[in-house]
Amino acid sequence: MNDRTKQLLFLVAGTALFVATSLVHAGIVASGFEHARAMVAEGVIAVVLGIGLLASLIWPAYAAAVALSVQAFALLGTLVGAFTIAVGVGPQTRGDIAFHAALLLVLAAAIFVAWKAWRR
């Protein structure tokens, strides 16, 4: 699998994950996990990743730079979410904690792939 395909897969997966968690925090997918601020933040990140995906498809020459940029934004947002959990402001469920931990790893891998492609 080449780097471009990996970048696109990471963008699709990231967008889907953030849409899903935003819907969970909206109470649409499951009840009992509602959190308005998390829902909005995850929705914004999903939109940014989705725009990055579209931009990568429209302008393939800039795909690596776009992927690097939008995934860095998603990583920053995820770090803010992890911080809010750590200080007791954000959602405190085991699912939220596990999601943030897994997402930090996935975003780090995605950024590494995009960075490698961008350096070429």
Side-chain angles (χ1 to χ4, degrees):
M1 185 179 317
N2 64 29
D3 284 344
R4 176 164 164 66
T5 303
K6 289 178 190 174
Q7 288 173 43
L8 293 174
L9 287 175
F10 274 122
L11 287 171
V12 168
T15 302
L17 284 171
F18 278 103
V19 166
T21 56
S22 183
L23 293 174
V24 167
H25 283 131
I28 294 171
V29 174
S31 61
F33 301 101
E34 292 85 356
H35 194 279
R37 289 183 182 155
M39 174 197 66
V40 170
E42 291 156 352
V44 168
I45 294 170
V47 168
V48 169
L49 288 170
I51 291 169
L53 174 62
L54 290 175
S56 294
L57 292 170
I58 294 169
W59 299 290
Y62 300 103
V66 168
L68 188 59
S69 300
V70 298
Q71 288 165 334
F73 174 79
L75 179 62
L76 177 63
T78 304
L79 287 170
V80 169
F83 177 76
T84 64
I85 290 170
V87 298
V89 177
Q92 300 293 309
T93 67
R94 288 184 182 159
D96 278 302
I97 295 167
F99 172 73
H100 280 82
L103 198 53
L104 288 171
L105 293 173
V106 170
L107 286 169
I111 288 170
F112 178 73
V113 168
W115 177 76
K116 270 185 16 181
W118 178 73
R119 294 241 355 204
R120 292 187 188 141

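Start at 1 with the first residue, then count along the sequence. Note that the structure is a prediction, hence the values are computed from the model and not measured.
A distance-only check finds a donor-acceptor pair linking the side chain of Thr21 to the backbone of Leu17 [under 3.5 Å].
Atoms CZ and CG, from Arg4 and Leu8 in turn, are 4.5 Å apart once rounded to the nearest 0.5 Å. His25 contributes atom NE2, which lies 13.5 Å from atom CZ of Arg37 (distance to the nearest 0.5 angstrom). Separating the CG atom in Leu104 from the CZ atom in Phe99 is a distance of 9.5 Å, to the nearest 0.5 Å. The line from CD of Glu34 to CD1 of Ile28 is 10.0 Å long, rounded to the nearest 0.5 Å.
By the criterion of side-chain heavy atoms lying less than 4.5 angstrom apart, applied directly or through intervening Ile, Leu, Val, Met, Phe, Trp or Tyr residues, Val12 is grouped together with Val48 in one hydrophobic cluster. Side-chain heavy atoms closer than 4.5 Å link hydrophobic residues (I, L, V, M, F, W, Y) into clusters, and following such links, possibly through other members, connects Leu11 to Phe112. If you chain together hydrophobic residues whose side chains sit under 4.5 Å apart, Val19 and Leu103 never meet in one group. At a threshold of 4.5 Å between side-chain heavy atoms, the hydrophobic network of Ile, Leu, Val, Met, Phe, Trp and Tyr places Phe83 and Ile85 in two separate groups. In the hydrophobic clustering of this structure, Leu107 groups with Trp115; members are Ile, Leu, Val, Met, Phe, Trp, Tyr whose side-chain heavy atoms approach within less than 4.5 Å, directly or through other members.
Residues in residues 81-95 take part in these side chain to side chain donor-acceptor pair (under 3.5 Å) pairs, two or more places apart or across chains: Thr93-Asp96.
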Listed pairs under 3.5 Å, donor-acceptor, residues 52-80 side chains, sequence neighbours left out:
residue, atom, partner, partner atom, Å
Ser56, OG, Gly52, O, 2.9
Ser69, OG, Ala65, O, 2.8
Thr78, OG1, Ala74, O, 2.8

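The hydrophobic side chain of Leu105 is isolated, with no ILVMFWY side chain under 4.5 Å apart from it.
Across all their heavy atoms, Asp3 and Ala117 have their closest contact at CB-CB, 4.1 Å. Nearest heavy-atom pair, Val113 versus Gln7, reported as atom, atom and distance to 0.1 Å: CG1-CG, 4.1 Å.
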